[in-house]
Amino acid sequence: MTVRVRYAPSPTGEPHVGNIRTALWTWLHARRHGGVFFVRLEDTDQTRLVPGSAERILESLAWLGMDWDEGPDKGGPFAPYIQSQRLPLYQSAAERLIASGNAYRCFCAPERLEELRNEQRANHLPPGYDGRCRSILPDEAEARAAAGEPNVVRFLVPDEGSTTFTDLLRGDITVENATQDDFVILKSDGFPTYHLAHAVDDHEMEVTHVSRGDEWIPSAPRHVLLFRALGYEPPIYVHTSVILAPGGGKLSKRHGAKAILEYRDEGYLPDALFNFLAITGWSPDGETEIMTRAEAAAAFDFSQLNAHPATFDADKLEWLNGVYLRQLPLADLAEQFAQWLERTLPADVARPIDRALVEAVTPLVQERVKLLADVTPMVDFFFAPSLAAPALDALLGKPYRGRPEVAVSALHAAIEQLTAIEVWDSTAIEGALRAAAEHTGEKPGDLFMLCRVSVTGKAVTPPLFETMAIVGRDACLERIAAAAKVAASE
RNA sequence: GGCGCGUUCGUCUAGUGGCCCAGGACAUCGCCCUCUCAAGGCGAAGAUCGCGGGUUCGAAUCCCGCACGCGCUACCA
């Protein structure tokens with residue numbers, strides 16, 4: 001039997017890491033077994049819909065490289081893939097359940113339910129529907145419903161016995177039926193609840209494995225009961241753990257959870273995020289951590305997932321992103337940088353930005369960035385149309401503090417040597433600066449730092465000689481002279 | 001309150017009765033390399049395997065109890 005799995009988000013917001021990680025594992029399982037991965041929109045709560053979120057959900061999946069075989073945007077053999085367009089299916093299932101005595105109409109008003117719960121809580125009893133409408137005769141119920149009296153359909157949970165289901169991570173889980181109340185399967189607006197929609201759709205769409213968050217464990221027995229009452233074979237269940245925020249507690253918007261697309265906007269690579277999410281809560285062998293999607297898929301096994309929650313390790317994600325950035329071919333990296341710089345360089349830098357310059361600078365910073373965002377402050381001086389002379393304190397630094405005249409003569413020596421260079425390349429520049437240091441008796445490192453700050457305005461930069469080679473002789477000499485003037489003015 | 005799930009270095013994990021007085025990775029610290037910063041190399045520190053009982057020649061691994069954390073207990077998913 002071919003594996004068919006699904007990602008079934010509610011279009012009520014954007015996917016965050018915890019949510020997408022379950023989808024990612026599901027995707028891995030599909031690819032591992034040559035199965036089908038599809039997307040189904042669960043928009044049965046009309047009150048919580050957020051416009052645009054369906055698009056953002058699909059965009060997130062696409063960005064992460066999780067392709068889907070069937071879905072709301074591309075159809076498939078079981079279309080439609082949007083629950084609000086499948087209402088008749090749920091309604092007829094509910095009617096079948098009523099007819100078979102597995103469900104009944106309930107006319108209790110929300111207010112009564114509310115009161116009932118308060119009372120139960122006050123008496124330290126487990127809250128739950130008391131089954132009052134169970135006793136309404138079917139004919140009467142139909143008549144009242146036909147007359148337009150608002151009602152919901154509840155599933156009739158057996159008072160006795162227990163229900164067992166198997167979870168791929170946790171083994172058999174058994175729950176006493178008596179602890180489950182008669183839950184609503186069809187709401188008064190004609191929409192199904194999750195429970196019914198899950199049973200109907202996952203059967204209709206021939207889903208083989210259902211992986212979802214572990215908050216669904218308590219209601220899984222309900223689903224098994226539903227499947228059986230409908231005459232369906234339940235799918236295989238996998239309940240995945242949540243991702244925790246560093247401080248503890250579920251990762252939430254307030255607690256550092258970011259939408260997937262925010263990672264894109266902050267300069268993470270989709271391959272790195274994918275890899276990171278795949279291995280938080282899963283390890284193929286205890287050693288391997290860096291994997292392509294294909295490698296992860298080849299090794300993936302639901303039953304290896306960790307059943308306990310994992311804390312989100314932002315440091316490790318950054319590290320991993322750096323690993324991916326470093327192994328990117330230079331041309332690809334330059335392309336990424338170009339797009340990034342286009343967006344983030346100050347407005348006074350002419351657009352489009354100098355593509356050749358980006359390519360020249362890329363190898364100097366490849367091993368220095370962890371995020372694409374790091375590139376901008378690292379290379380902005382290469383692109384700036386003009387650079388202000390450095391501030392005195394920054395220029396002198398520790399070695400020359402209080403003795404600017406020494407810095408001035410060192411700088412002049414550097415100018416002299418640099419001017420004499422025949423072919424302006426990094427080797428020649430290094431030779432010139434070392435010669436200048438030797439002539440003046442300065443420590444090479446001190447002179448280098450003087451030049452670094454003079455030429456770039458920064459104390460931390462890509463390698464000096466390569467940097468100066470790219471900046472060009474005229475600009476370098478000009479800037480060093482300007483810096484010398486700053487030092488001399490003291 | 002009831003029901004359920006979970007518990008190995010700060011963090012992610014390996015581990016399914018002896019190879020584990022617990023291995024790898026991130027982070028941390030030190031050394032090396034070095035023009036700054038990185039990257040890289042080497043090394044250190046870091047877990048009485050939640051606690052208490054059992055079973056066994058032998059337990060992180062099996063059983064029982066407890067503690068703690070989390071989840072569910074909606075006409076939300």
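These numbers come from a predicted model, not from an experiment. Every heavy atom of this structure was used, including side-chain atoms; hydrogens, water molecules and symmetry mates were not. Chain identifiers are assigned alphabetically (A, B, ...) following the order of the sequence lines, protein sequences preceding nucleic acid strands; residue numbering begins at 1 within each chain.
A:Ser241 comes within contact range of no nucleotide atom at all, as no heavy-atom separation falls under 4.0 Å. Among the heavy atoms of the strands lying under 4.0 Å from A:Val152 is at least one base atom, whether or not backbone atoms are also near. Among the protein residues, A:Arg121 comes within range of no part of the nucleic acid, since none of its heavy atoms lies under 4.0 Å from any strand. Using a 4.0 Å heavy-atom distance criterion, A:Arg170 is classed as a sugar-phosphate-only contact. Residue contacts shown for A:Ile173 are limited to sugar-phosphate atoms, with no base heavy atom under 4.0 Å away.
The C1' atoms of B:rU48 and B:rU8 are separated by 12 Å, rounded to the nearest whole Å. A distance of about 22 Å separates the P atoms of B:rU7 and B:rC21, rounded to the whole Å. The separation of B:rC5 from B:rC66, taken at their P atoms, amounts to 15 Å, rounded to a whole angstrom. Atom name P, nucleotides B:rG52 and B:rA27: the rounded distance is 34 Å, in whole Å. For the C1' atoms, the distance from B:rG46 to B:rG40 is 24 Å, rounded to whole Å. Across B:rG69 and B:rC29, the matching P atoms stand 32 Å from one another, rounded to whole Å. For the P atoms, the distance linking B:rC51 with B:rC9 amounts to 10 Å, nearest Å. Between B:rG50 and B:rU61, the two C1' atoms lie 16 Å apart (nearest whole Å).
One finds the CG atom of A:Asn19 at 13.5 Å from the CZ atom of A:Arg212 (value rounded to the nearest 0.5 Å).
When A:Leu325, A:Val361, A:Leu333, A:Val375 are each tested for a side chain to side chain contact (heavy atoms under 4.5 Å, CB included) with A:Gln366, only one passes: A:Leu333.
Ring geometry for A:His239 against A:Tyr237 counts as parallel: the plane angle stays under 30°, on a 0 to 90° scale with 60° as the upper cut. Ring-plane geometry between A:His223 and A:Trp216 is classed as tilted, the angle between the planes lying from 30 to 60 degrees on a 0 to 90 degree scale.
For the pair A:Arg293 and A:Phe274, the cation-pi criterion (under 6.0 Å, within 45° of the ring axis) is fulfilled. For the pair A:Lys258 and A:Tyr263, the distance from NZ or CZ to the six-membered ring centre is under 6.0 Å and the angle to the ring normal is within 45 degrees. Within the cation-pi definition used here (under 6.0 Å to the ring centroid, within 45° of the axis), A:Arg40 does not qualify as a partner of A:Tyr7.
Between A:Phe465 and A:Phe448, the ring centre distance stays below 6.0 Å. In this structure, the ring of A:Phe312 has its center less than 6.0 angstrom from the ring center of A:Phe276.
For A:Arg212 and B:rC76, the CZ to P distance is 17 Å, given to the nearest whole Å. Atoms CZ (A:Phe183) and C1' (B:rA77) sit 14 Å apart, rounded to a whole Å. One atom, CG of A:Asn275, and another, P of B:rC26, lie 13 Å apart when rounded to the nearest Å. What separates CG of A:Asp45 from C1' of B:rC75 is a distance of 9 Å, to the nearest Å. Protein atom CG of A:Asp202 is 15 Å distant from nucleotide atom P of B:rA77, rounded to whole Å. Distance, A:Glu114 CD to B:rU73 P: 14 Å, rounded to whole Å. Nucleotide B:rU73 holds its P atom 10 Å from the CD atom of A:Glu215, rounded to whole Å. Protein atom CZ of A:Phe165 is 11 Å distant from nucleotide atom P of B:rG4, rounded to whole Å.
Applying the 6.0 Å contact sphere to CZ of A:Arg96 captures more than 12 heavy atoms from other residues, nucleotides or ligands. Counting non-hydrogen atoms of neighbouring residues, nucleotides and ligands closer than 6.0 angstrom, the CD atom of A:Glu142 exceeds 12 such neighbours.
Along RNA chain B, the nucleotide nearest A:Leu169 and the nucleotide nearest A:Pro150 are compared for position; the residue whose nucleotide lies closer to the 5' end is A:Leu169.
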> Could you run down nucleotides 9-17 of chain B 5' to 3' and tag each one B, S or - for protein heavy-atom contact under 4.0 Å?
Replying inline: --BBSS---
> Where along nucleotides 31-39 of chain B does protein come under 4.0 Å, by heavy atom, of base (B) or sugar-phosphate alone (S), with - for untouched nucleotides?
Replying inline: ----BBBBS
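Listed pair A:Thr179 / B:rU73 fails the phosphate criterion, with no side-chain N or O lying under 4.0 Å from OP1 or OP2. OP1 and OP2 of B:rA74 both lie 4.0 Å or more from every side-chain N or O belonging to A:Lys187.
For B:rU16, there is no paired base (Watson-Crick or G-U wobble, both distances below 3.5 Å). With both pairing distances under 3.5 Å, B:rG71 is matched to B:rC3 as a Watson-Crick or G-U wobble pair. As the counterpart of B:rC33, no nucleotide is assigned, since no Watson-Crick or G-U wobble pattern has both distances under 3.5 Å. Base-pair partner of B:rG46: not found among the strands shown (Watson-Crick or G-U wobble, both distances under 3.5 Å). Nucleotide B:rU11 has B:rA25 as its partner under the Watson-Crick or G-U criteria, with both atom distances under 3.5 Å. For B:rG52, the paired nucleotide is B:rC64, the pair qualifying as Watson-Crick or G-U wobble because both relevant distances are below 3.5 Å.
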>> Please evaluate residues A:Glu438 and A:Arg434 with respect to the criterion salt bridge (Lys or Arg N to Asp or Glu O under 4.0 Å), reporting the C-alpha separation (whole Å), side-chain torsions for both, the decisive distance (0.1 Å), and the verdict.
In response: CA-CA 6 Å; A:Glu438 193 169 334; A:Arg434 285 192 189 281; over 6 Å; no
